[in-house]
Amino acid sequence: MKYNPSIIEKKWQKKWADKKVFKAKIDYNKPKYYVLEMFPYPSGAIHMGHVRNYTLGDLVARYKKARGFNVLHPMGWDAFGLPAENAAIENKTLPSKWTYSNIESMKSQLTQMGLSYDWDRELTTCNPDYYKFEQKMFLDFFKAGIAYKKETLVNWDPIEQTVLANEQVVDGKGWRSGAEIEKKKMKGWFLKISDFADDLLEELKNLKDWPDRVKIMQNNWIGKSDGATINFSIDNSDEKIEIYTTRPDTIFGATFIAISPLHPLASKIAESDEEALNFINFCQKQSTKEADIEKAEKFGYETTLLVKHPFKEKTYLRLFIANFILMDYGTGAIFGCPAHDQRDYDFAKKYNIDIIPVIETKEKLPYIGDGIHINSEFLNGLDTKSAIGRSIKELEKLKIGKETITYRIRDWGVSRQRYWGCPIPIIYCKKCGEVPVLEEDLPVNLPEDINFDIKGNPLDAHPTWKHTKCPNCNQPAVRETDTFDTFFESSWYFARFTDLNPKQAFSRDALDYWMPVDQYIGGVEHAVMHLLYSRFFMRALKSINMVDFSEPFVSLQTQGMVCHQTFKTKNSNQWVFPSDVSNNKNEFFHLETNEPVIPGRTEKMSKSKKNVVDPQKIIDSFGADTARFFMLSDSPPDRDMEWSDSGVEGSWRFLNKLWKFVHNLEVINVKTSLPSKLSNQNKELLTDLNIAIQEITKSIESFTFNIAVASIRTLFNKLSSYKVLTDEDKFYFVVCYK
RNA sequence: GCGAGCGUGGCGGAAUGGUAGACGCACUGGACUUAAAAUCCAGAGUCCGAUAAGGACGUGGGGGUUCAAGUCCCCCCGCUCGUACCA
């Protein structure tokens, strides 16, 4: 009998579905195990990254089920987002239509992959049945003071009259219009993640089953630093500048003050100083991306003001407005100590500012390290640590400064000027201000009849949707037209999976039983934002008594990228799909045009470089099991892997061999105890079996599935070397658990 | 720029600080076949040597710790992810 995956896989998939084999139910007599893969954005078709992610999760789910756990393994759709709007504009369709049809086709593909999901728990975030609960959560956050409104900077496209995402800004220009992008101040909703910063940081220590690199990245992202704030006085003025520094010990080396272009004082200066205004406007043209800001050339504008040194009589510091000072970090102002900071040093050289060394060193300046203080009056002779302590004491004595802890992490801006997202349930009333939508009026549904031909936010342009009445005074009022960041939906979906209760976000007993997620698996690109937002969200929900745990994911595994070789035509220099390339003894040609093709670097699969392999084609020609087997066998999950056609064929051949072997076996005995007499062959076989079981178990538990596959192949090679199976040489499969 | 990770044969990768290259892919030879494919058996890190015996070299580059380094430490190079409005 020939191995025919299309028949076998369909047969079993039907059986699983009919018998609801993977339906999860609360069972207090069994240990529970909740395994979850990061849910996909419904982009249209599954790609190899999905195949990898869900194969890894499926292995864990099936393994734990086999080991006697009550397994919850759900799947859903992260369905709001920017691509749906782009597709709607390009294809003249509606985001909802596009999204739901994508979900349909992707669900069918996941089903073909034979994944062990409980489809009865499927959820879709763009459905009001889902997002109505997060509108309620937002209102509760608002009432609890966790949500607030403040001004922020966005990328403004003056031609499209719309806010652009960072991704839509290419080299400072709008991706569609090509217009120079401006920074624009806009009010938006924020969640106070900073209030939870310390706990998010401290609890990282207890996440024993998270990869160290993810914890380190989150630690650095939160960026707790211990320093001091110092109030400087401006000469001939009542004005003060509060600065933040982590090195108050270098105060005697301070030779200038720099403030952010967005600092209130900068605006004030600009009122009477046209050059300052020009400089601030120039800075407004800079990118909002951190990487761009840090890489950009450092510029400063020297104001006419001088700042008094707090400890040195008649010493004045020059005051600059500088493009590299971030308003979001510390106080938006610093003192510069060029002798002991690289950036301050570069800046001082450029603008001819004094450089005063205050730490003894034989190395050349700037010297960043610790040491004994000089030129520093009461700090002279002290080491760095003591000098920091002493300087803070002196500042406190003069009541001009104090020890201050700051965090790099900024509050989470959740407002997006987009149509395809969850409406923010706020109403603006001329008389009453920001008014929460009444709970009984939820959900605020997203209208489907929208027009993308009008410039700007379609929600804002909708003829009727935003017009409503104030819940307070019943006067005409307008709705908030911003929608939520899509990270909002993905910050709590894992908890919603525990029970799709139509009346409330969570059922307490289901939460108590299933949460937290025992094993979460997804791409490493989510190491900080999604995972940190989810950790924050649970804490925020806990603070309003909606959940009683704060860590959503006990164990985390991050997977690497799926890569493939790239191909370009030799003459026309165009990217070519691997499926369009023919290989003739390592000479490559385009299948249709016969043009020579040059193989390039192996890179992450991406549509733009066409180095993608469609999982559907693999499933159609080899079956899902081959695709899954190869996924597991090629590379350890956390490393980038290369998809190779020959590797797939190798997996295909192995499954064929395995199939043939199993079907030619005449006797398989399963016994729980050893027979008294064993042939030498059986003894050897038992040893091999037990070695394999031990190694495979170890490899699965340690998430090195490629080694488990290698062990399976080793065992199989031994098994298949026994050619003749007589009645006396029955196989005895002995399962040993520790 | 900053933060994090990775780098081992022709390729994917294996290796509690202890025989580098498990397992697989590709390759080569053989068996089977009229032939090919498939399948089965065998070989193989690289270089020198004769296709032997034997030897030298070998885990991105340079240095260090150690009886012993792919593994630990320092410096450098390259690639990948993230960098707050892509998801």
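Labels below follow one simple rule: chain letters A, B, ... track the order of the sequence lines, proteins then strands, and each chain is numbered from 1.
The interatomic distance linking Ile712(A) (CD1) with rA14(B) (C1') rounds to 16 Å, in whole Å. Going from atom NZ of Lys657(A) over to atom C1' of rC23(B) covers 12 Å, rounded to whole Å. Between the CG atom of Asn323(A) and the P atom of rG1(B) there is a distance of 16 Å, rounded to whole Å. Atom pair Ile707(A):CD1 and rG21(B):P shows a separation of 16 Å (rounding to whole Å applied). Computed from coordinates, the Asp341(A) CG to rC2(B) P distance equals 12 Å when rounded to whole Å. Between the CG atom of Leu531(A) and the P atom of rA4(B) there is a distance of 18 Å, rounded to whole Å. Put simply, NZ on Lys660(A) is 13 Å from P on rA38(B), counting in whole angstrom units. The nearest whole Å value for the distance from the CZ atom in Phe654(A) to the P atom in rC40(B) is 11 Å.
The cationic atom of Arg713(A) (NZ for Lys, CZ for Arg) lies less than 6.0 Å from the six-membered ring centre of Phe654(A) and within 45° of the ring axis. A cation-pi geometry, defined here as NZ or CZ lying under 6.0 Å from the six-membered ring centre and within 45° of its normal, does not hold between Lys657(A) and Tyr3(A).
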Could I get a table of every N or O pair under 3.5 Å where one atom is in the protein and the other is in nucleotides 18-20 of chain B?
none

Tabulate atom names and distances for all N/O pairs under 3.5 angstrom spanning the protein and nucleotides 9-13 of chain B.
unit_1: rG12(B); atom_1: O2'; unit_2: Asp634(A); atom_2: O; d: 3.1
unit_1: rG12(B); atom_1: O2'; unit_2: Asp634(A); atom_2: OD1; d: 2.7
unit_1: rG12(B); atom_1: O2'; unit_2: Asp634(A); atom_2: OD2; d: 2.7
unit_1: rG12(B); atom_1: O2'; unit_2: Ser635(A); atom_2: OG; d: 3.3
unit_1: rG13(B); atom_1: OP1; unit_2: Asp640(A); atom_2: O; d: 3.3
unit_1: rG13(B); atom_1: O3'; unit_2: Asn706(A); atom_2: ND2; d: 3.3

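Aromatic ring centroids of Tyr131(A) and Phe80(A) lie under 6.0 Å apart. With ring centers used as reference points, Tyr345(A) lies 6.0 Å or more from Phe347(A). Separation of the Trp492(A) and Tyr130(A) ring centroids falls under the 6.0 Å cut-off. Between Phe622(A) and Phe630(A), the distance separating the two ring centers is not shorter than 6.0 angstrom.
In this pair, His530(A) and Phe553(A) present their aromatic rings tilted. The plane angle is within the 30 to 60° band.
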Checklist entry - What do the steps show when you test Leu204(A) against Arg535(A) for side chain to side chain contact (heavy atoms under 4.5 Å, CB included), and what is the final call? => result CA-CA 10 Å; Leu204(A) 280 174; Arg535(A) 294 182 63 224; 3.3 Å; yes
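Using a 4.5 Å heavy-atom threshold, the side chains of Pro95(A) and Phe452(A) count as touching.
Using atom P as the reference point in both rU71(B) and rC86(B), the two lie 39 Å apart (nearest Å). The P atoms of rG70(B) and rG58(B) are separated by 10 Å, rounded to the nearest whole Å. Between rU65(B) and rG17(B), the two C1' atoms lie 12 Å apart (nearest whole Å). Rounded to whole Å, the separation between the C1' atoms of rU59(B) and rG21(B) comes to 9 Å. For the P atoms, the distance linking rG5(B) with rA44(B) amounts to 39 Å, nearest Å. Rounded to the nearest Å, the gap between the P atom of rG60(B) and that of rA69(B) is 15 Å. When the P atom is compared between rC11(B) and rG45(B), the two are found 15 Å apart, to the nearest whole Å. On the P atoms, rC23(B) is 28 Å away from rC32(B), given to the nearest whole Å.
Contact annotation: Arg653(A) side-chain N/O to rU39(B) OP1/OP2 distance is under 4.0 Å.
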Item to check | Secondary-structure string, 5' to 3', Watson-Crick or G-U under 3.5 Å, | for another-strand partners, for RNA chain B | outcome: (((((((..(((.....[....))).(((((.......))))).((((.....))))..(((((..]....))))))))))))....
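Within a 6.0 Å sphere centred on NZ of Lys349(A), heavy atoms belonging to other residues, nucleotides or ligands number 12 at most.
Nucleotide rG9(B) is shown with a syn base, its glycosidic torsion being within 90° of 0.
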Item to check | Per-nucleotide protein contact string for nucleotides 81-87 of chain B, where B marks a base within reach and S marks sugar-phosphate only (heavy atoms under 4.0 Å, - for neither) | outcome: SSBBBBB
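Between Arg176(A) and Glu90(A), at least one side-chain nitrogen of the basic residue sits less than 4.0 Å from a carboxylate oxygen of the acidic one, meeting the salt-bridge criterion.
For the side-chain hydrogen bond (donor to acceptor under 3.5 Å, both in side chains) condition, the pairs that include at least one residue of residues 158-171 of chain A, sequence neighbours left out, are Asn155(A)-Asn166(A), Asn166(A)-Thr288(A).
Checked options Trp98(A), Trp175(A), Trp420(A); the residue passing with Asn86(A) is Trp175(A) (criterion: side chain to side chain contact (heavy atoms under 4.5 Å, CB included)). For the pairing with Phe537(A), the ring-ring contact (aromatic ring centres under 6.0 Å, His included) check across Phe494(A), Phe141(A), Phe487(A) returns one residue only, Phe141(A).
Shown here are the side chain to side chain donor-acceptor pair (under 3.5 Å) partners of Glu182(A), two or more places apart in sequence or in another chain: there are none.
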